[in-house]
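Residue numbers begin at 1 in each chain, while the letters A, B, ... track the order of the sequences.
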Amino acid sequence: MAKTLLLIDGNSLAFRAFYAMHSQLERMKNQDGLHTNALVAFNNFLDTLVDPMQPDYCLVAWDAGKTTFRTEKLDSYKGSRQSTPPELVEQFPYLRQLVELHGITSYELPGYEADDIIGTIAKAGAQEGLAVTIVTGDRDLLQLVDENITVLVTKKGVTELETFDPAAVIEKYDGLTAAQVVDMKALTGDTADNYPGVTKIGPVTAIKLLKEWQTLENLYDNVESLKKSKMKDNLINDREQAFMSQDLARIRTDVALPIGIADINYRGADYEGIVPFYQMLNFKQQLAKLHAAGYGKEANEATQNNPAIKMQVITEANLAQVAALEGEISFYLETTSPNYHISEMVGFAIGNATQGYFVARSVDWLLTPVLSNLLTSPAIKKNVYNAKAALVLLNRLGIKLVNVATDIILAAYLLDTNTNVDDIDELAQQFDYYDVESDEAIYGKGAKFAIPTDDDILFKHLVNKVHAIDQLAPKVTAKLIEHEQLPLYESIELPLTHVLAAMEITGITVDTEQLRAQGSKLVERLSELEQAIYRQVGEEFNIQSPKQLGEILFEKMKLPVIKKTKTGYSTAVDVLEKLAPEAPIVEDILQYRQVAKLQQTYIEGLLKVVHSTDSKIHTRYMQTLTQTGRLSSVDPNLQNIPIRLEEGRKIRQAFVPSHPDWQIFGADYSQIELRVLAHITGDEHLQAAFKEDDDIHAATARRIFGLSKDEPVDGNMRRKAKAVNFGIVYGISDFGLSQSIGVSRPEAKKMIETYFEQYPGVDAWLKSVVAEAKLNGYVETLSKRRRYLPEINAKSFNLRSFAERTAMNTPIQGSAADIIKLAMINMQTALQEHGLQAKMLLQVHDELIFEAPTSEIATLEALVPKIMDSAVTLDVPLKVESHYGPTWFDAK
DNA sequence: ATTTTCACG
DNA sequence: ACGTACGTGAAAATG
């Protein structure tokens, strides 16, 4: 194996690091007021990318100062750059220390930029046979790529990188080699570095010219032979500028450096030495990580064996003390896996800081009257981590958990939907609490997972967890109040947890015979299709491998390449549909894909998760996951059971009531997102359409195509208008719309403009919500559900645009989620109050699925829509439709 | 572990 | 000029 050399563009990454965490700028300071955002992100980069790489040699190159040989050639070089923000400048000296502590040499040279240092060492290293990797945020360095030098360019933040080898450069620049990148810059110039290039030549023209003439020199040698054009004149006039730009763009690879490869050994991170540095910077999370790994123990020993935590192992002798717990307690029940319907329970801890904690391995203790009374008592508040898990687990033991006060994960999710943690330790760290070790540290992971046999280790861990819950509960509650989110928590999310737990526990019955019968038909069909495909191709291959399929279609059969993925040819449906007229085999492949999906995901997949004890599927609804406030469903996902195509829809025939002579009953909101849009935008025309119960897509079509009220709307117009309505909800772009309805981009643009003229309230609201996001850094739903959009002010067009679309979509999708959640809570209450046997089983974003005795159907047909459409009062009516039948398939 | 594809709202 | 529709989960292939 060749030795490895890693070269890092310090300034460029420092800038990226600074802006990656720019939204946190004022929050991230140490005790002395030093900003630490770039330091945190840079440290993250070193930890996650450099340390694991373990290069043999490594260097971080920095720019030495403003004046370089380039500024001597062109006064204005980089002249248009705005000056470095002082909040970043103050971090530079510490960035260098950080680099040194990670065992990496820093280097700079007056008169040269970091690029030139990197270029010189890279070439020298490659010469010596090293495998060279360069990391930068600057695409200019791509000119250095060759078979020995790979360049990684930051894509998002500083930890998501895009890899460029020679082939990737050619791909990126549409056929240009890395060596031609300089000449391209010579022709196009660079606005960021402020050098000119040739007038009116952009990347497209530059690439075309260089493909024809290879080099700038060759192009100019032959410039007279070009046919007469404005471009030819520009080339001739700007000849001098072009060569000057080429000179500026070219990274030097021959700088006389006083250091060499031998001076830049990678020494590896000095974890002991880094502890005081992290302490100075107030890097609590990093310190916690180091501590878990065993570094800097002395400093933190006291917190781990916290003498203030009173704990006892439960025995008959101290049950009386357990019984004396009162007021507010915390409870944690540990499992071996996240699927609480089937996981093993390994122990629990209960108590509070003042009265102490009680811990045990055997959950049989929970069945003793003392403990079950505690859990069931309405007089005692319980704080937990993941209330739904606790509800379901205790239900398995026959215990009803009553009076849950604070669920710290649920609250943390409402405070910031980006809180996607699955352990208490990670959650605790987000609230600056570091006295819980990670589950991985205690239990191991993968094949090494094991519950410690040593009571001392397990019990301490469980007590640390329950104490963390106890400590965090008041903190998260205070934050909820600060965000004005207490009503959201208390009146929606926490009651919903109980409803969801009940739905999951009830489960939905599956007719496994029906599934199996469908499965054998599909298997038969699959083998027919497989044979037909092999016959046509003349060889056998794995149809399910996009790689092999791509080779067959685009290399062997030479079909036109419509779209590429980053790893090869795309063989997605939209591509195959375009190819279908060219080769009959494509239709077979599409069929094969469809049938294989049904068989693998829906027949086999579902059969795997049917509980043998009750022939039911018990999904888990993820309540703290989505960025918008929707639920998601896992193990299995019951929110994506096929419906759009008839073949797939049949899967629903296997979902049946749990008793004979019962029915499956479903009710769904009609156009809930567009109704929410009409409400929050206050748009007069959109509201009028809903108040009159118009066909909303037809109404939109009339407006954007300028038809009168009575003129008929043809199907095509309605289809287009429907796409526009979707687009509005998604955060519209002309490109997206043009793709979805197959019109030209200008045409799509015109449609959007007309839409906004016709619905000015929508236009104004979309603008205002983006402005609000830019100002506050977050958007809110009707129920004050909050989503932070840290990239809303990003410099990258892509990231910023994405955040802008999200700002428009989230209040709409999220408010619709708020509404159905309220409806579910009210529904559960109504079913009880009416003494119905009917059970709510599933939620699929805008619909609810029930099972009920046939005798209750008439009641449900009145009750369910009533509850759903009155969950909230909007400026437009909500509309609900219901259906029922002997299976889910028939409830249509 | 990541990528691609495809199922749903 | 940039390169895109919003939100999910699961299966299989592949690195």
- Kindly check if the number of other-residue, nucleotide or ligand heavy atoms within 6.0 Å of NZ (A:K208) is above 12? no
- Query: Between the side chains of A:Q653 and A:T887, is a donor N or O closer than 3.5 angstrom to an acceptor N or O?
  - Reply: no
- Message: Salt bridge or not between A:R786 and A:D416? Use side-chain N to carboxylate O under 4.0 Å.
- Response: no
- Kindly assign one of parallel, tilted or perpendicular to the pair A:H341 and A:H618, based on the angle between their ring planes and the thresholds 30° and 60°. tilted
- Of the options A:I641, A:L638, A:L848, which is the one that meets A:L842 in a side-chain contact (heavy atoms from CB on, under 4.5 Å)? A:L638
- Could you state the NE2-C1' distance from A:H845 to C:dC6, rounded to the nearest angstrom? 12 Å
- A:R785, A:K784, A:K388 screened by salt bridge (Lys or Arg N to Asp or Glu O under 4.0 Å) with A:E493, the one that passes: A:R785
- Just wondering, are more than 12 heavy atoms of other shown residues or ligands nearer than 6.0 Å to NZ in A:K556? yes
- For the side chain of A:L737, starting at C-beta, report the closest nucleotide among C:dT4, C:dA5, B:dC8. C:dA5
- Message: Treating A:D818 as the side-chain partner and A:S783 as the backbone partner, does any N or O pair qualify as donor plus acceptor under 3.5 Å?
- Response: yes
- Rounded to the nearest Å, what distance is computed from the CH2 atom of residue A:W888 to the P atom of nucleotide B:dA7? 16 Å
- Starting at atom CZ of A:R785, determine the distance to atom C1' of C:dG7, rounded to an integer number of angstrom. 13 Å
- Query: Can A:F735 be classed as stacking with the base of C:dT4, given a centroid separation cut-off of 5.5 Å and a plane angle cut-off of 30°?
  - Reply: yes
- Message: Can you tell me if A:K774 has over 12 outside heavy atoms packed within less than 6.0 Å of its NZ?
- Response: yes
- Message: Using modelled atom types and a 3.5 Å cut-off, is there a donor and acceptor pairing between side-chain atoms of A:S633 and backbone atoms of A:P636?
- Response: yes
- Item | Rounded distance in Å between the P positions of C:dA5 and B:dT5 | 14 Å
- Grab the CD1-C1' distance between A:I643 and B:dG9 for me, whole Å please. 10 Å
- Item | The single option from A:Q843, A:M622, A:M824 passing side-chain contact (heavy atoms from CB on, under 4.5 Å) against A:L500 | A:M824
- Query: Whole-Å distance between B:dC6 C1' and A:Q599 CD?
  - Reply: 16 Å
- Contact check, residues 562-576 of chain A vs DNA chain B, heavy-atom distance under 4.0 Å, returns A:T565, A:K566, A:T567, A:S570, A:T571, A:A572, A:V573
- Query: At under 4.0 Å, does any side-chain N or O of A:R644 touch on OP1 or OP2 of B:dG9?
  - Reply: yes
- Mind checking A:G727 for me? I need base, sugar-phosphate or nothing, with any heavy atom below 4.0 Å counting as a touch. base
- Note on the structure: With both pairing distances under 3.5 angstrom for Watson-Crick or G-U wobble, and | for a partner in another strand, the correct string for DNA chain C is .....|||||||||.
- Task: Say whether A:Y569 and A:E555, considering side chains only, have a donor N or O and an acceptor N or O under 3.5 Å apart.
- Result: yes
- Query: Which residues within residues 586-593 of chain A lie with some heavy atom under 4.0 Å of an atom in DNA chain C?
  - Reply: none
- Item | Closest heavy-atom pair and its distance - A:Y413, A:L625 | CE1-N, 3.5 Å
- Query: Rounded to the nearest Å, what distance is computed from the CD atom of residue A:E881 to the P atom of nucleotide B:dG9?
  - Reply: 14 Å
- Message: I'd like to know if A:S740 reaches the base of C:dA5 with its side chain, counting only an N/O donor and acceptor under 3.5 Å.
- Response: yes
- Task: Give the B/S/- string for nucleotides 8-15 of chain C, one per nucleotide from 5' to 3', where a protein heavy atom under 4.0 Å of the base yields B, of only the sugar-phosphate yields S, and otherwise -.
- Result: SBSSSSSS
Side-chain atoms of residues 723-732 of chain A: list all donor-acceptor pairs with protein atoms under 3.5 Å, sequence neighbours left out, distances to 0.1 Å.
residue	atom	partner	partner atom	Å
A:N725	OD1	A:T700	OG1	3.3
A:N725	ND2	A:H697	ND1	3.0
A:N725	ND2	A:T700	OG1	3.0

- Task: Find out whether the Lys NZ or Arg CZ of A:R620 is both under 6.0 angstrom from the six-membered ring centre of A:Y340 and within 45° of the ring's axis.
- Result: yes
- Item | Atom pair distance, as rounded to whole Å: NZ in A:K749 and C1' in C:dG3 | 16 Å
- Item | Side-chain donor/acceptor of A:T601 to backbone N/O of A:G605, under 3.5 Å | no
- Query: Testing A:L677, A:I819, A:I812, A:I820 for side-chain contact (heavy atoms from CB on, under 4.5 Å) with A:I672, which one passes?
  - Reply: A:I819
- Query: When the distance from CG of A:D846 to P of C:dG7 is rounded to whole Å, what number comes out?
  - Reply: 17 Å
- Which residues in residues 798-822 of chain A have at least one heavy atom lying under 4.0 Å from any atom of DNA chain B? A:Q813
- Query: For atom C1', what is the distance between C:dC2 and B:dC6, given to the nearest Å?
  - Reply: 29 Å
- Message: Applying a 4.0 Å non-hydrogen cut-off, can you work out what A:V729 is touching in the nucleic acid: base, sugar-phosphate, or nothing?
- Response: nothing
